[in-house]
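A short write-up of the structure that comes next.
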Amino acid sequence: MRKIIIIVFIGIALLFNSCSADFLEKYNPTQLDEGNFFLTEDQFEQALNGVYGQLQGYIGSQWPFTEYISDNTTVHFNISDRGQGPSLEAIEYFQIVPGTGNISSLYNNIYSSLGNINNTLKKLSDSGIDDDVRANFEGQLKFFRAFYYFELVRFFGDVIIVTEPINSPEEAYTFSRSPASEVYDLIEGDLNFAISSLPDPGSISSSEIGRISKGAALSLLGKVYLTKKQYGDAVSTLNQVLNMGYSLMPNYADVFDPENKNNAESILEIQYQADSDLGEWSGFIYNFYPRESYGAVINYSGANGGGWNIPTLDLINFYEEGDLRKVVSLSEGYTNTDGVWVPVPFITKYFHEDSYTVRGRLGNNWPVIRYADVLLMLAEAINEQSGPEDAYRFLNPLRERAALAPLDNLDKESFREAVLRERRIELAFENHRWFDLKRTMSPSELSTFLNEHGAHERENPTTSRGPVPFSPGDYIFEPYEVLFPIPHAQILINENLTQNEGYN
Amino acid sequence: MVIINYLLKRSFGRLGMVCLMLFLVSANSLSATRIMENQEISLLEAIELLSKKYEVYFTYDRTIVSHVMVSYDDDHRSNVNDELQNLLKETDLNFQIFDTQFVIIYKKDEQGLKSLRQMKNMMEGILQEEDHKKSDKSIALERRSSVPLLSRSPEYSLIDRRVVMNISGVVTDEQGEPLVGVNVQVKGSSIGTATDIDGKFIIEDVEDQAVLVVSYIGYQTQEINISGSISLSITLIADSQLLDEVVVVGYGTKRKRDITSAISVIDVENVGDVPASNASRLLQGQAAGVVVKQLTGTPGEQMNVIIRGVGSLGAGSDPLYVIDGFAVGTSIGENLNPNDIESISILKDAASTAIYGARGSNGVVLITTKNAKKGVADLSFTSYFGVQNLPKSRRINMMDGPQFARFLQESWMDRIRYFQNREPSLDEVPEGIRYPEQTKYSTDWLDAITQQNAPFQNYNLTLASGQGKIRSLVSAGYLKQEGALIETDFNRYSLRANVIGDINDFISMGVNLSGAYSGGKLAATTGRDAIVGKALWADPRDPIYNQDGTFNPYIGGKDGVFGTANPVMELHQHERKRYSNNITTNGFVEVSFLKNFKFRSSFSANIGSSQRKDFRPTTLAGGGFNNPPPQSAQLWEWHDKGINIAADQLLSYSRAFNEHRVDGMVGFSAQEDTWKQIHGYGLEFPNNEIRFMQQAENISSTSDESSWSLLAYLARLNYSFADKYLFSVSFRREGSSRFGADNKFGNFPAVSVGWRLSEEAFMSEISWIDDFKIRGSYGITGNNSIGNYNNSASLSSSGYILGNQYAPGVVLNSFVNRNIGWEESKQLDIGLDLSSFKNKLVFTAEYYKKTTNNMLLPVSIPSITGFTSTFTNVGKVQNLGAEFAVMYRTRIVNNLNFRTNFNIAFNRNKVLEIDGENDELWTGSFYGVHNRSLVGRPIGMITGYKVLGLFQTEEEIGNSPTQDGAIPGSMKMWDADGNGVITYDTKDMVEIGNPHPAFTWGFTLGADYKQFDLNILFTGAQNYDIMREIEKTTLNVDGVFNVLERAQNRFRSTDMPGDGRSPTANNWKWERESSSFYVYDASHARLKSLTFGYTLSPKANILKGARFYFNADNLLLFTDYPGSNPDINTGDNRSQGRDDEAYPVPRTLSIGLNIKF
């Protein structure tokens, strides 16, 4: 009897046990599992699209490090929100330290995208999908990898190069920073691969518009050469872009109108969709709108902006008389709901009131590379290479479009300044300014330049600071600050990682 | 028979369903029927005829007689003897005649002979008693004499007494003092009473072989055989002596004397009549090492329970709650009615919790709900009504309207003086603050949102029936608690029903079913931007209402003061409701076989759903600052559903032979918990009246699902020899869905030993020691509170737009560590239990050392991996502690009893190791509080800048390390890293506070005098710090918030330094950071609860007991802490010591009534 009971009991236990393997397997039902992904072409396309998707996030938060830190934009001072801790303000006021949160986010976000790119590239090379398709996908992924490393090397200087997925934390500790030159080698290699495997812009089907083309890869490579001051390579690379069917839009305003997405002037723009229920709308402009405007700017009752990244008085005054681009790019203030003029400037370039219907869900694309940029790069490179003579034809069409007189008879130095000036206005708020300043000035020149700008801003702030004075350390730029610090947290956990000079 | 029964009833009152009954027939009760010869009639009828014919009295067991048919032929015989012999010849019955008048009929077997002997003894006893007690003048006898007798023969008085046998008695305690209100019940019947003020009781009409069940709270229940005696003297033994008392432990019960691990038992009856809207309240102050904090005063909210310190850096620290054997999770919820709780056991050491494996690390709270007691049937009603108020002494005093206006004006002028170095003229002062004396309004917003005398009421009705083989209980409860803040409340309707029964000697089964519906009006109350914080900083110069009586919709927003919604209006108009339904079922079948074996199969399920609705109308100003109305209306709705099911199969063996006592158990347990949610959000509504999603112009929704499962094999063996040497070992092997494929299963063994020295011969000489046990245990437990899917790599959606169409995309969303496994705690416990001086003094001491290893921490990893952190098993945390509990009870004089209970716990927490490269963990943010866990230090130390004082002069600033923006009156920070600059990263931050108390204690004082009783509970915690984070706002003197009254003494200039510690209003920069300026010692003692009660003498057969009481909850608080609640924590368990203001904790005064019928 006892034996029987025990057997029965064990039987019951086994009965439960037999299903235990399944019983203890739980996967998040709301997400895909990596284990059974990366098999079909369609799945690889989704992984590729994921990388595009991440770029939306990256571009949407790039402004603090390119425009805001520069003389182009500043903060709509807000005593109640000094910006995610002091972090955002720290960037405007040149108070970046290794612990500054936004710098950490910048660094981490780039490597996060690189992680996906490397993972997908690895899976792709192991897969059996069609060679042409694979080459195309690889070309796009390598373009992105080059794009991100170009960002990294310009922001941080020497950085860690990762080109394969990292599978364990232990492995990650073995990496250390590579010299910028090696980073550039990787960038050039990846871009050359992309150029060889990506289609011309004209052969991208209408359902695929938004994908990286050979034109984008050439333009970016041109910019890489320009940054490295390899002017000959820059000219020859960028010249190839001239024959790809791009042209300037007749009106500056048309370039940014959501009606004209991916227009003739567009080489690479980040795609968004108005009113999207799938989160594909672009909300960045709401960040830039004045605070406490209560619907006077955003046409929804009570709606306010974030008050970040507003044009400086310096930039507003920089426009030449009659420049058509000024009213397209910015507004010097607004009339509030009580009918009173409020002199808080804001960016209007990416705002089209009628282009969306759901509050907050705008559809404006973000221009990353425009044909205008390519023309200005060519003008810059040719001037550096052989003087302004052959360069006017790339600069003046932009001035003409803005109803300004063409330039002529400038010496090389003046032309260089003219190109930089033109870039500031033509490409205002398009995340070029910081790199343009860094490219064209030595660290000490940039330091002098920014300290002058800071002194000016302290004297005559773009917006009122209420009862709060500037701190003595605000707007003091030291030459070493041309490179951002490697995030403190990363150095803390990896002893192989060195800090940029000046931040220790 | 009908007639006889009728007469008996009429004459003598009740005669219930007793088996063995004394039966009387009188000649006066004639049967109308004429019986014919040789007729088959029932024996009962025959007896009736015979008793009439011969005038004799029969005694028999009715159950053996009632169904017997006999053949009766009248008049052939002339004596009872012959007639009966003839009558019973065909049956298995026999008879005997005594004193020629009394006939006993009995069964011809062993049982029958036994009952014959009993009946005979009983008769003899009564006859003797009759002689002795001729002079007895008891009330019962007197009353009896008025009963009309059935016969005039001299023996009638004897018969009379036997039939209506009344028991009287007195119940006393061990000291001989009478006990009032003791429940005396006739076993197996509804007859019962309670003792009066002299401890006396009388029960009428009791079967003389009946058994009395004598029970009293705090005393051992006794069963007493009457055995014919009519006067009883009963001595009850106090509970504390009850070493045979059974304590609920994991997957079973154990005799108290056999316990070799650290278990605290909370006698719910002793907690007193506290207004508890949540069952967690019952735990407060009761057990050493169990820290129960009421974090906020939100009605119905569960309190924060931590057993033996925060053990983990990574996973949760909440204990596991097990209700009636069902491990419901790390939260007890709001739906359990405290009134349904019978007892609570708290398992503290690994030996007791290891049987719960990966959920045992943080301790286990075992809750047992009420069942009907065997043999008892009663109906009880309990109710209390209270009012809640915020004590004036705990109020936060902000500036009133004129004070604030004056402050704004002065600060404005001070800035001109400092920054422009000149004396401003009055004309320059902005108009709004130019004439502070003309301030029209002065609103105390905190006062305005507070409800005075908020009612709190509770009703419970319980019907318990424990008679027979099937026992059942039905309980219904209703609780309504209005909040101490207006427009907040909590209601609960609960119902519980259970049935337990022994089907036969082998099978028993039971079902417990409970359902509850609870919820009410909520408000966002935690943090400075929520209602309470807002009520502190909102501009006091604005009125609540406009002239026309409508709400003033926008407060502040002028003169530089932040604009915000009217807190009163927000409470009224922002609809925020949550409701939850919950059904819990437990069922079991238990089979006993082979004498020593039992197999128990149980199944439990908890099905719950909850919904929350949140509608913010256009009329309210927006959140944050300076967003005046109208705003777009918004609606949020959440619907959640959870199903938690568990099945346990347990085979147990129990045997005692000679001096050995062995019991063992093996089992198998499986559990699965699934949660689903759908959430909707709507924006822009055509009006504020129709508040449903489809009205919204803009709708978005999400749905979610998450689940986990576990499987476990468990075993336990207990062995004791001579009740002296105790040994116990347990083992659990558990698998969980939460862990990586390579680490699915973990093993959790535990062992414990005990030695009862008091049983040893050499101890027997020490007469004052009643019981003395030393014990030790060691075991391994786990913690799986890490979230559900940390072990698998998943891809999350990251779509894009191509060709102006959505293109689906995916990205990796975590760095997967497939090896993640169990967090493991190893715990050593050494304890001592001592009962002495006739159990008047009971003492328990414990020492423990708990080391938690392999914590699942989100460890920072180089971001070049694509991710910044991953869950890894790293680190080591130690909790070392000692706990003492002492109970003393004594009689001071007659009728005056005194008892006290004191417990104190010391816990020392230390991080031993985190990860090679990650040797510290930070939580917190700028402008907030930083908590840092650093190797060698306790978990989550409050960290920030150390304030050395205020800069008094420019010169002092010049001579100090560079502190950007500092001016005279600014806080002077310590340059901790000595690099000459105060920096905005964490390099200059140091430890500025310890949120862990040096010790916590609870102290109960009880006394009763006759029918009055008094119960007082004190609780406290000593030497710990809280950062009063809200003061970064309420002492933020830059003119955007209303500030504390004390800010009037701020630094204004070098010549007017104020109180020397409140910073200047001229600049506000470093002052907003986490700093020692805001850290306060929160040591405190609370008079947590005081109950004064009066117990009414029971009314025999009507009322078993009644009690009236008055209770004061949260009566007094003794502390220097400036916030209203030193138990507050607005962070989590790893980020303790944060006070960003929350729902204040009210004081409750209540009166209550408990009645039992």
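All heavy atoms count here, side chains included; hydrogens, waters and symmetry mates do not. Below, read A as the first sequence line, B as the second, and so on, with proteins coming before strands; counting in each chain starts at 1.
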Candidate pair B:E672 and A:K26, rule side-chain contact (heavy atoms from CB on, under 4.5 Å), full reasoning: CA-CA 11 Å; B:E672 184 174 39; A:K26 295 273 184 195; 2.3 Å; yes
With B:V810, which of A:T120, A:N49, A:L32 fulfils side-chain contact (heavy atoms from CB on, under 4.5 Å)?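 The option that passes is A:L32.
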Going by the side-chain contact (heavy atoms from CB on, under 4.5 Å) test, name the single residue among B:S863, B:S860, B:S869 that passes it with A:I493.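 So, applying the side-chain contact (heavy atoms from CB on, under 4.5 Å) to A:I493 and each of B:S863, B:S860, B:S869, only B:S860 qualifies.
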Among [options], which residue forms the greatest number of heavy-atom pairs with chain B at distances under 4.5 Å?
| options | result |
| --- | --- |
| A:G115, A:A47, A:S205 | A:A47 |
| A:L278, A:V97, A:D42 | A:L278 |
| A:L55, A:I270, A:L497, A:D275 | A:I270 |
| A:I204, A:D277, A:N167, A:L114 | A:N167 |
| A:F470, A:Y107, A:F175, A:F37 | A:F37 |

Proximal component of [X], with respect to chain B [non-hydrogen, under 4.5 Å]:
| X | answer |
| --- | --- |
| A:N365 | neither |
| A:S207 | backbone |
| A:Y52 | both |
| A:Q273 | both |
| A:Q54 | both |
| A:S168 | backbone |
| A:E171 | neither |
| A:I110 | neither |
| A:I160 | side chain |

Relative to chain A, which of [options] shows the most heavy atom pairs under 4.5 Å?
| options | answer |
| --- | --- |
| B:P862, B:A966, B:G1039 | B:P862 |
| B:G735, B:S796, B:G799 | B:G799 |
| B:P628, B:S703, B:S700 | B:P628 |
| B:T868, B:T618, B:N627, B:N979 | B:N627 |
| B:A807, B:S709, B:G866 | B:S709 |

Heavy-atom contact with chain A under 4.5 Å, split by part of [X]:
| X | value |
| --- | --- |
| B:W412 | neither |
| B:T870 | side chain |
| B:I967 | neither |
| B:Q963 | neither |

If you draw a 6.0 Å radius around CD in A:E259, do more than 12 non-hydrogen atoms from other residues or ligands fall strictly inside?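 Check fails, neighbour count at 12 or below.
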Please say whether more than 12 non-hydrogen atoms of neighbouring residues, nucleotides or ligands are located less than 6.0 Å from NZ in A:K123.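 Counting other residues, nucleotides and ligands, NZ of A:K123 exceeds 12 neighbours.
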Apply side-chain contact (heavy atoms from CB on, under 4.5 Å) to B:S632 and A:R359, showing your working. CA-CA 10 Å; B:S632 301; A:R359 178 171 165 174; 2.7 Å; yes
Are the side chains of [X] and [Y] in touch, meaning some heavy atoms are under 4.5 Å apart?
| X | Y | result |
| --- | --- | --- |
| B:E697 | A:T357 | no |
| A:Y272 | B:I801 | no |
| B:F815 | A:P169 | yes |
| A:D474 | B:D964 | yes |
| A:V51 | B:V811 | no |
| B:K744 | A:E25 | yes |
| B:P630 | A:Y294 | no |
| B:T865 | A:Y111 | no |

Apply side-chain contact (heavy atoms from CB on, under 4.5 Å) to residues B:I864 and A:V159 and explain how you reach the verdict. CA-CA 10 Å; B:I864 55 167; A:V159 290; over 6 Å; no
Do [X] side-chain atoms and [Y] backbone N/O form a donor-acceptor pair below 3.5 Å?
| X | Y | answer |
| --- | --- | --- |
| A:Q271 | B:N804 | no |
| B:N626 | A:E292 | no |
| A:N116 | B:L812 | yes |

Return the [atom1] to [atom2] distance between [X] and [Y], rounded to the nearest 0.5 Å.
| X | Y | atom1 | atom2 | answer |
| --- | --- | --- | --- | --- |
| B:L802 | A:S206 | CG | OG | 11.5 Å |
| A:N304 | B:F625 | CG | CZ | 13.5 Å |
| B:S737 | A:Y27 | OG | OH | 11.0 Å |
| B:Y800 | A:E280 | OH | CD | 9.0 Å |

Would you say A:N28 and B:N788 are linked by a side-chain donor-acceptor pair, where the criterion is simply a distance under 3.5 Å?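 No donor-acceptor contact under 3.5 Å links the two side chains.
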Show the numbers, then the answer: is there a side-chain contact (heavy atoms from CB on, under 4.5 Å) between B:L711 and A:L24? CA-CA 8 Å; B:L711 287 178; A:L24 295 179; 4.2 Å; yes
Which atom pair, heavy atoms only, marks the closest approach of A:H488 to B:K987?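 Minimum heavy-atom contact is CE1-CE, 3.9 Å.
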